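Fair warning: this is a prediction, and the values are worked out from it, not measured in the lab. Any value given below was found using the heavy atoms of this structure, including those in side chains, with hydrogens, waters and symmetry copies removed. Read the numbers this way: they start at 1 and go in the same order the structure lists the ligands and their atoms.
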Amino acid sequence: MNENGKKITMKLQVFVRALIFLSLVMPFPSSVLSDLNSDGQALLNFAGTVVHTRKLNWNASIPVCTSWVGITCNLNKTGVTAIHLPGIGLFGSIPSNSIGKLRALRVLSLHSNFLYGSLPSDIPSIPSLEFLYLHQNNFSGKLPASLSPNLIVLDLSFNSFSGNIPPKIQNLTRLTTLRLQNNFISGAIPNLNLPALKLLNLSFNNLNGSVPYSLDKYSNSSFVGNPQLCGAPLNNCSKNTSTYPSASPAFLLPSPTILKNHHATLIKKLSPGTIVAVAIGGSAVLVLLVLVVVICCLKRTNKVGGGMLKGKASGDGKGEMPKDFGSGVQEAEKNKLFFFEGCHYNFDLEDLLRASAEVLGKGSFGTTYKAVLDEETTVVVKRLREVVVGKREFEQHMEVVERVGKHPNVLPPRAYYFSTEEKLLVYNYMPAGSLFAHLHGNSDIGRSPLDWDSRVKISLGIAKGLAHIHSVGAKCSHGNIKSTNILLTQELEACISDVGLSPLMNFPPAMSRAIGYRAPEAIDMRKTTHKSDVYSFGVLLLEMLTGKATLEYLGHDCVVDLPRWVKSVVREEWTAEVFDLELLKHHHIEEEMVQVLQIALACVTKLPETRPNMDEVVRMIGELRQSDTKTRPSSGSEFDCTGYNVDEVHQEGHHLAGGNVHLIKTMDGWEERLSEAIKDGKIVVANFSASWCRPCLVIAPAYCELADKYPSTLFLTVDVDVLAELSTSWDIKATPTFVFLKDGRQVDKLIGGNKPELQKKTAAVVAQLATKSPS
Ligand SMILES: Nc1ncnc2c1ncn2[C@@H]1O[C@H](COP(=O)(O)OP(=O)(O)OP(=O)(O)O)[C@@H](O)[C@H]1O
């Protein structure tokens, strides 16, 4: 693997740790030893209810204050003062009478987990509590009404809290940071006069009324995304203030809260211009697609004169239609090819039987041929075997299929033929081939591998097509979703083939390739449902992410259980091994890849009722695409995993450090930009990561302290992924920020950063850059 590949691989290892909770959940010993103090008991109550990863070593047999992960105690070890468990995959609701019982607790940091439900009221009201970090979870219900009067930081952002801002916040005289953004908080903002408050963010809620005068000193970014809110620093109340679209209701997957919140933010932040552009662009693509299909159909065929005679050659490979092809077609019925409405093919059955033919494959429903009628007309003929319904029922069913086929991501049959002995379906020939061929057959035909954008586009197309099929009725499922049944246009739009065939057939024993896509409850084809289609779609997503087929030839055909394989790889913490090496060559896609992996894993859960439906899947993938322009570095705006907008944090840091902070946001071109910033004599904060678990909130105020302490100093923030490059053990607390003089000498370290190799290396880089750019 090249350098870049390795880097991305390591990034992915960091990213996907958040997924591990899906498979790493471990039961916690519920027995409690009698000598355990009440804090220990309270913590065990918490851990006994909230699912967690094996990183948590809490055990009744070990004293709480010596080595329980994430726990800090007071000096005489009589009480727990801090809990730091951010981003470790905690999943579930916090019970009351657990953390709320810790009477000495000052810091509670459980952000970036998967916690949901209401926040027990005994937690925020712990009298000693000073720092409460619960952002990036999925807590819901009203905001806590009773709050510790000692709170300094209250961060409940990126959750699903609703209700009003409790007026009691006014009593928090020590509060310096209040972050409630990206929730569903409604009502008017109370007139808050908080003397210590420096950071305020109420953006992207459902707040209304006018911004109280006491708060108009905060910037616009503290309030944006509340369409009903007006007054300085937002627009004047008399004007229309809806500058941002309101939030779409959050989608609740069992797991990816982060995904939801992150993307809810991104959508909310799309400007109307962008939305219009996306809408126009989308419609243009759609119109183009329809045009292509119409033009294809309009190409009338010339009758084949002296073409290939029926029954001449082999049925395998290129040649003519096989000897017995059409043998069941009775003379009187030769012209009884039934064409669907809107299709203008101009051949009859006889032409078809004489056409030059090639076997494309033998599937579960019969053999599929490519039939070339003339230079302009090539179709695909599916010769169905084991049709169990009679003519009338077949015809009625075809009417439904015609209806279902009216969607840009569904490949409709163009014509059919039915007689007692022969049943044929005619489709447009899709020269770009199947998704299977694109993913697994490239080397044979010199086709370049599918890049990430194309894979996402294809996934979205399939999801839309499938959602459309499901919208026709509860009983209308596809039943055979797999990569050979996804055909692609030249523009790489996905078309789902074989729609509506399952109900017509005598259920064949599933072919081995199909078995890999089958939901556990639908191995028998008769039991396919919407949710079993969702499972198959999840396998398709995994196939696109991993580049692995569901069937391997190891001397004999071997079915690959992709969901099982992927889960086992993630469990063993070899997550980066999951992804297709072809994809690892590209920059800035790792976050999206992990998000798609989350969607895929949600689709392939064992219990059908826990899988999302296809509409929800469409929305999730769609959000991924809409956020695309925001998450790619070229857009100039970035979000980290905790949902912080780096620009926003930069502004805060910049503001607080007296306009003397220069932030370098991305890895691209960082050397040049660092040099420039050094030349400008600015304080430099270099974030060498596009995203993930950067405690911006912690770092931004800390910049200011350091800016005071070391004027004209260079700050360098090194992220966990860079750390991972040098260290095999991942420590969630280590997000080191080093402070360097411009000559490369280190003068301080801010958080973590006890990795000498990393310090040495960064110091060398800084020194080298400093000499390159005289200040
Ligand atoms: N309209 C089409 N244009 C181009 N290729 C097609 C078309 N329809 C099917 N194919 C390709 O022909 C091959 C055989 O298809 P067929 O549907 O018979 O089998 P299958 O997809 O492997 O299995 P199943 O019958 O279970 O769907 C597949 O590789 C498929 O991708």
* Asked: Can you tell which part of Leu360 has a heavy atom less than 4.0 Å from ligand 1: side chain, backbone, both or neither?
  -> both
* Asked: Between CE of Met430 and CG of Leu360, what distance do you get to the nearest 0.5 Å?
  -> 12.5 Å
* Inspect the surroundings of NZ in Lys382 and state if more than 12 heavy atoms from other residues, nucleotides or ligands are less than 6.0 Å away. => yes
* Asked: So Phe339 and Phe347, would you call those rings parallel, tilted or perpendicular, with 30° and 60° as cut-offs?
  -> perpendicular
* Asked: Less than 3.5 Å between some nitrogen or oxygen of Leu411 and one of ligand 1, yes or no?
  -> no
* To do: Please confirm whether Ser497 comes within less than 3.5 Å of ligand 1 when only nitrogen or oxygen atoms on both sides are compared.
  => no
* Just which atoms of ligand 1 are under 4.0 Å from any heavy atom in Lys382? -> 16 (P), 17 (O), 18 (O)
* **Min N/O separation Asn428 to ligand 1 under 3.5 Å** => yes
* Compute the shortest N/O to N/O distance between Tyr429 and ligand 1 and return yes if it is under 3.5 Å, no if not. => no
* Structure fact -> Check: of Asn485, Thr367, Thr484, min heavy-atom distance to atom 29 (O) of ligand 1 comes from Thr484
* Asked: At what distance, to the nearest 0.5 angstrom, does NE2 of His468 lie from NZ of Lys406?
  -> 9.5 Å
* **Test item: Asn428 and Leu487 side chains (from C-beta on) under 4.5 Å apart, heavy atoms** => no
* Between Tyr416 and Phe338, what is the ring plane arrangement, given parallel below 30°, perpendicular above 60°, and tilted in between? -> tilted
* **Sub-4.0 Å atoms of ligand 1 with respect to non-hydrogen atoms of Asn480** => 24 (P), 26 (O), 27 (O)
* Residue portion contacting ligand 1 (non-hydrogen atoms closer than 4.0 Å) for Lys482 -> side chain
* Relative to the heavy atoms of Ser434, which atoms of ligand 1 are at a distance of less than 4.0 Å? -> 31 (O)
* Do Leu542 and Trp565 come close enough that some side-chain heavy atom pair is under 4.5 Å? -> no
* Could you name the option among Asp498, Leu501, Val426, Leu487 that has the heavy atom nearest to atom 5 (N) of ligand 1? => Leu487
* Given the rule in the salt bridge (charged side-chain N to carboxylate O under 4.0 Å, His left out) test, do Glu609 and Lys531 qualify, once you have shown the distances and angles that lead to the verdict? -> CA-CA 7 Å; Glu609 57 275 19; Lys531 289 293 171 106; over 6 Å; no
